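What follows is a short report on a single structure.
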There are 2 protein chains.
Amino acid sequence: MAYRKTPEVLRRQLAAREHLLTRATDLVAETGWAHTTVGAVAAAAEVSVGSVYQHFPSKSALAVEVFRRASGHEVDVLGETLRGAGEPAARLARGVALFARRALQRPGLAHALLAAPAEPAVGQERLEFRRRYHALFAEVVREGVDAGLLPPQDPWITAAALTGAVGEVLVDPVSTPAPGTVEALVAELTAMALRCAGARTDS
Amino acid sequence: MAYRKTPEVLRRQLAAREHLLTRATDLVAETGWAHTTVGAVAAAAEVSVGSVYQHFPSKSALAVEVFRRASGHEVDVLGETLRGAGEPAARLARGVALFARRALQRPGLAHALLAAPAEPAVGQERLEFRRRYHALFAEVVREGVDAGLLPPQDPWITAAALTGAVGEVLVDPVSTPAPGTVEALVAELTAMALRCAGARTDS
DNA sequence: GCAAGGAGTGAACCATCATTCAGTTCTTTG
DNA sequence: CAAAGAACTGAATGATGGTTCACTCCTTGC
């Protein structure tokens, strides 16, 4: 035997894979899924088209991994906040604000993850992650209802509304124009979320 | 001159056009935009591919018209209800219920219109119609706020949440399984909408 | 240095569709 | 019925973009 994979080679391979993923994510955030062709990703990562297939079995697989990474991170962050300390309503408010603020910081990526047209495999993945968002929101709402802090309601519907509301705001490119408007928007969204869940705003 | 268009011929042409549109709409509702190719539409309408181009300059034009017809009808119906008689909150409740009920009656079409991946031209149209839905909802909310019947709020955000919430419920294929569940779902959605706008539910 | 074998390359290949157009069929009118 | 002029047809065309593969370039271990 004259050749064996060395740790150094493996490290380099992994790095190349990471590089492809980050460049592909950037591309998706900037241009959307439609413009993210294999050729474009390869060019952005400064490798050949063929090399992409050394790391991913197909374009779909690459796209799905891009989606999973970005979305997974959001779910984790949101989950941490929603499951944190404090009363359910307070956690809900913090979660919505965090979710919205993060999305508004990276509008392109948020749009790609939540709404932009994508190939079927990514669409499937999107459904799966939407379910996770719903589950997280629904859990907090359920807690609030069970503790008598929120009025009786179907937590799943409320959760869907919250996800949908934030998503809607992002889908419309008319929004997020002035940087100074962000906090006002977040405040309005949070207030809406609390009303939506039936929390007393006693403003 | 040996040939001139006869009213009969014009009628037949118009009928063929209508036929194409209805079959295309059915196809989109059943299989989504991706599977709705020119060839598939032609086959469904039992005409040749070339004939499609006698009625529409391009596939995009056909798709856009399919979308406009279906969505336009929904906007009209919703607008009528939201601008009808009664207090803002009552109209809002009726509008949401109507919107949801109609969507749940034709889940495939609703999904195609609100969420399914589509070509850019249709996506653009979708944005436009989403804005119309928002405007309709926002108008009612604004009326309620101005009349002091609803708490101060950004009507646009509330409208976005309402659209998003109904959309979310439809995007998830897990929903709308049992036919008997529809009314319960509509009731929950309506209650959520009223909370969302800050209307007193005084249940 | 060198043989073995993987990694990297990109032009060629292939599949999918939208679109066109030369030929055919149908309608109208004299 | 015949000529004119549309409407209809579907195979050919063209564009796009994912996938492959014969080839070159590196690394490794002797």
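Order of the sequence lines fixes the chain letters, A, B, ..., with proteins taken first and strands second; residue numbering starts at 1 for each chain. As the structure is a computational prediction, the values presented were derived from the model and not from experiment.
- One side chain, R195(A) or Q153(B), offers a donor N or O that lies under 3.5 Å from an acceptor on the other.
- If you measure from atom CD of E119(B) to atom C1' of dT19(C), you get 14 Å, rounded to the nearest angstrom.
- With respect to R69(B), the salt bridge (Lys or Arg N to Asp or Glu O under 4.0 Å) criterion is satisfied by exactly one of E18(B), E74(B), E125(B): E18(B).
- At the heavy-atom level, S51(B) lies under 4.0 Å from base atoms of the strands shown.
- Taking atom CD of E46(A) as the reference point, atom P of dG8(C) lies 15 Å away to the nearest angstrom.
- Note: NZ (K59(A)) to P (dG17(D)) measures 8 Å, nearest angstrom.
- Not one side-chain nitrogen or oxygen of S48(B) sits closer than 4.0 Å to the OP1 or OP2 atom of dC8(D).
- For V49(B), counting side-chain heavy atoms from C-beta on, the closest listed nucleotide (dG18(D), dT19(D), dT19(C)) is dT19(C).
- The separation between L10(B) atom CG and dC26(C) atom P is 20 Å, rounded to whole Å.
- Look at NE2 on H19(A): it is 13 Å from P on dG8(C), rounded to the nearest Å.
- A donor and an acceptor atom, one from each side chain of S48(A) and S51(A), are located under 3.5 Å apart.
- Using a 4.0 Å heavy-atom distance criterion, Q13(A) is classed as a sugar-phosphate-only contact.
- Between the side chains of S60(B) and E119(B), at least one donor-acceptor pair of N or O atoms lies under 3.5 Å.
- Between the CZ atom of R17(B) and the C1' atom of dA7(D) there is a distance of 16 Å, given to the nearest Å.
- Phosphate proximity of dA7(C) to R12(A): absent, as no side-chain N or O sits under 4.0 Å from OP1 or OP2.
- Rounded to an integer number of Å, the gap from CD of Q54(B) to P of dG10(D) is 13 Å.
- Taking the nucleotide of DNA chain C with the nearest heavy atom to each of V47(A) and G50(B), the more 5' of the two is matched to V47(A).
- Note on R142(A) versus E139(A): no salt bridge recorded, every NZ/NE/NH1/NH2 to OD/OE distance being 4.0 Å or above.
- The distance between atom CG of L62(A) and atom C1' of dT19(D), rounded to the nearest whole Å, is 14 Å.
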